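What follows is a set of notes on a single structure, which appears directly below.
Note that the structure is predicted; figures quoted are calculated from it, not measured.
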Amino acid sequence: MVSPPEPVLDAEVLVVGAGPVGCWLAAELCAAGVRVLVTEARRSRAAWSRGFVVHPRTLEIFASRGAAAPLLATGRRVPTWHFAMGASRLDFTALPTSFPFVLLQPQAHTEHLLEEHLNRLGGTVARGQRVVGLEQHADRVTAQVRGDGGERTVSARFVVGCDGAHSTVREAAGIGFTGDPDTMVCPTALVELADPPPPERYVQTGERGVFFAIPLPDGRFVVSTVDHAVMHDVSAVWTADTVRASLLRVAGSDFGMGAAERVSSIGNSAKQAERYRDGRVLLAGDAAHVHFPMGGQGMNLGIQDAHNLAWRLAGAVRAERGGATGFEGFDGFEGFEGAGAFETADALLDGYEAERRPAGERVLEDVRAQMGLVAATGADGVALRSRFEAVLGEHPQVNLQYARRLSGIDVRYPTASGDDGRLGRRVPDLVLESADGTSRQLYDLLREAGAGQFARVRAPRVTGPEWALREGWGAAGSLLIRPDGHVAGIQGE
C-alpha cells in the first residue's frame, strides 16, 4: 500500500500571537526540534502592561529551561502577596519552592525577555501579520494571513491560538466562549505620584472601596480602585480626572497624582472556551480563558498552558512525521498509565484539555471569590473583609493553602492509580546526590533532557533543600518526569 504524500507545509506548528504565552510555547517547540511560525498582528511589542506579576510556579518553569535569570535580574522580589487586596498578606516565604516570592515586573518587559529567549533558540516573530481565517483539512490547517504585502495562505500541521480574549483563531474554529459578562469595572492608570503612600499602604480598603498601587522600576505607579460608587457603570469612560476623583473618594487622597500616560478600565467578565481543542486547532492563554486580573494570575496561567501543551505538540508532530510520538515504552512505573496515554497524537492532545481546562476553572473560581470580597459594599463589606483577613492572619495553614493555590505550585494532574503524595505534582528543583558523593540540581538534568523528552531521575539520596524533604521528595526510588516537570511515574527501591 502506498502512503499518501506528506503535505507541503510552511511550518509544523503555527502559533498565532506573540505575547508571553505565544513566545513561551514557540520557544519550547523550537527547543524540541519543531518547525514553528509565529505571527503577531501588532507591529511592535506591547508598550502597556496589564499584568505585573510572575508567580513562583512560572519562575520554576523558566528555571527548568535556563530562562529565569534575566527576569530575576530585573524584577522586584516581594515575599508576600495579597488575596482580594486584603491587609493580611499571603506569606510566600513558607512555600516549598526555590522561588518563595512574587516577582513584580511589567508584563511588557517579560514579553520582551521571552521573545529574546525564543530568538536564542532560533525562533522569530513575524509582526504585522494578522490571521483572518482558518480551514482544517485531514492532514493540515491552512490559515489566511494578511500583512503589508496582501493576503497569503499559510499551511501547518497544527495551529495554536495565543491571540487573546478576542481570539480570531477561536472564532474561526467555531469554539464558543462562555461565562459571565462585565458587571463591574475598575479604572487603572499609569501615573506619577508626588506623594505616594508608604509600601505598607499600597493596598487600602474601606467602606467606599479598595485602592491598589503597584510601584514600577522607573518610579511611576499603576493605580487602580474598586470604587463602590461607580463600579457598576460598565459604560463609563475613564479619564485622568475621573481616576483622580476615584482616588479621593476611596483613599481620601490623590497622592499628588501627576501626568497619566495611560488610563483604561478593567472589567470582571469571566469566560472560558467551551473546548481547548478542535481537531488540529488548539487554544492557550487568554484565548482559552479570561478573568479580572486579581492576584496577577492571568499571564501565569497562560504560560503554564503553553508549558503543558508544547511537549504534547512535539510528540504529535513526531508521530505525524514517522508514526511514533517518542514517548512510548514507559510501562512499569507505579501509578503510571503506560504508553497508552502518549502513543498517539490524539491521546497526547486530548490530555491537554483534560488537564488544563480544570486548572483554568479553578483560577476563575478563585478570582470570582476575590471579586466578591472586594465588591461587598458598606459596613457589611468592611466586616466581611475584616473577618477573612483575620482568618488569613491567625491561621498559618489557611494562609499557606491560599498561597499555594495563588502561586501555581499546587496544580496537580490526575494519575491512574497509586499515590505516595508525588504523582501528578510538579517536581521542585531538588538537590540529588550520586553514589560517588557528587550532587546536581534536578533542573539541570531537566534542561539536559530537553523540552520534548521525559526524564528518568534516579539518585541514592535527595539532600535538599529542607522544605523539599518535608514535602516528601526525599523518598528513595526513581521518578519519571514529564517534559513539563510533572511526575508521571514512581518506582521504589
How about [X] and [Y]: do any of their side-chain heavy atoms sit closer than 4.5 Å?
| X | Y | result |
| --- | --- | --- |
| Glu135 | Gln144 | no |
| Ile481 | Leu442 | yes |
| Val159 | Arg280 | no |
| Ile266 | Val185 | no |
| Leu114 | Phe62 | yes |
| Glu60 | His307 | no |
| Met299 | Val54 | yes |
| Leu313 | Leu282 | yes |

Looking only at heavy atoms, which two atoms of [X] and [Y] are closest? And how far apart?
| X | Y | answer |
| --- | --- | --- |
| Thr39 | Gln129 | CB-O, 3.8 Å |
| Val281 | Ala173 | CG1-CB, 3.9 Å |
| Trp238 | Ser265 | CD1-CB, 3.6 Å |
| Ala84 | Val374 | O-CG1, 3.1 Å |
| Ala108 | Ser49 | N-OG, 2.9 Å |
| Ala314 | Ala32 | CB-CB, 3.8 Å |

Supply the atom-to-atom distance [X] [atom1] to [Y] [atom2], rounded to the nearest 0.5 angstrom.
| X | Y | atom1 | atom2 | answer |
| --- | --- | --- | --- | --- |
| Cys30 | Arg35 | SG | CZ | 11.5 Å |
| Leu113 | Leu72 | CG | CG | 10.5 Å |
| Thr74 | Gln105 | OG1 | CD | 3.5 Å |
| Gln297 | Asp366 | CD | CG | 6.0 Å |
| Leu406 | Gln370 | CG | CD | 6.0 Å |
| Arg426 | Arg412 | CZ | CZ | 11.5 Å |

Pairs satisfying salt bridge (charged side-chain N to carboxylate O under 4.0 Å, His left out), at least one member in [range], at least two apart:
| range | value |
| --- | --- |
| residues 265-277 | Arg275-Asp278, Arg277-Asp346, Arg277-Asp350 |
| residues 114-128 | Arg45-Glu115, Glu115-Arg127 |
| residues 163-184 | Asp180-Arg368 |
| residues 97-114 | Arg42-Glu111 |

Quiz prompt | Side-chain ion pair, Arg220 and Glu192, N-O less than 4.0 Å | solution = no
Quiz prompt | Side-chain ion pair, Arg140 and Asp10, N-O less than 4.0 Å | solution = no
Practice problem: Count the heavy atoms belonging to other residues, nucleotides or ligands that lie under 6.0 Å from NE2 of His166, then report whether that count exceeds 12. | Solution: no
Exercise. Flag yes if more than 12 heavy atoms outside Glu365 fall under 6.0 Å of its CD atom; otherwise flag no.
Key: no
Measure from the side-chain N and O atoms of [X] to the backbone N and O of [Y], and report whether any donor-acceptor pair falls under 3.5 Å.
| X | Y | result |
| --- | --- | --- |
| His486 | Gly424 | yes |
| Asp305 | Arg356 | no |
| Tyr413 | Ala354 | no |
| Arg357 | Ala273 | yes |
| Thr97 | Pro100 | no |
| Glu28 | Ala310 | no |

Quiz item: Side-chain donor-acceptor pair under 3.5 Å between Asp227 and Ser246, yes or no?
Solution: yes
Quiz item: Knowing that exactly one of Val226, Val234, Val230 qualifies, which makes a side-chain contact (heavy atoms from CB on, under 4.5 Å) with Met184?
Solution: Val226
Practice problem: Mind checking side-chain hydrogen bond (donor to acceptor under 3.5 Å, both in side chains) for Thr183 and listing every partner two or more places apart, or none if nothing turns up? | Solution: Asn268
Quiz item: By side-chain hydrogen bond (donor to acceptor under 3.5 Å, both in side chains), which residues pair with Glu355, not counting sequence neighbours?
Solution: Asn308, Arg312, Arg482
Practice problem: Take Leu193 and Val223 through the side chain to side chain contact (heavy atoms under 4.5 Å, CB included) test and state the conclusion after the steps. | Solution: CA-CA 10 Å; Leu193 299 179; Val223 296; 4.1 Å; yes
Quiz item: Could you walk me through whether Ile214 and Arg76 pass the side chain to side chain contact (heavy atoms under 4.5 Å, CB included) check?
Solution: CA-CA 11 Å; Ile214 299 175; Arg76 177 178 172 227; over 6 Å; no
Self-check item: Arg318 to Phe327, cation-pi by 6.0 Å centre distance and 45° axis angle
Solution: yes
Exercise. List the steps, then state whether side chain to side chain contact (heavy atoms under 4.5 Å, CB included) holds for Arg157 with Val141.
Key: CA-CA 6 Å; Arg157 295 184 191 274; Val141 183; over 6 Å; no
Exercise. Measure up the Phe99 and Phe101 rings against each other and bin them: parallel (under 30°), tilted (30 to 60°), perpendicular (over 60°).
Key: perpendicular
Exercise. Quick one: sort the Trp81 and His55 rings into parallel, tilted or perpendicular, breaks at 30° and 60°.
Key: perpendicular
Practice problem: Tell me, with the steps shown, if Thr239 and Val263 meet side chain to side chain contact (heavy atoms under 4.5 Å, CB included). | Solution: CA-CA 6 Å; Thr239 66; Val263 177; 5.7 Å; no
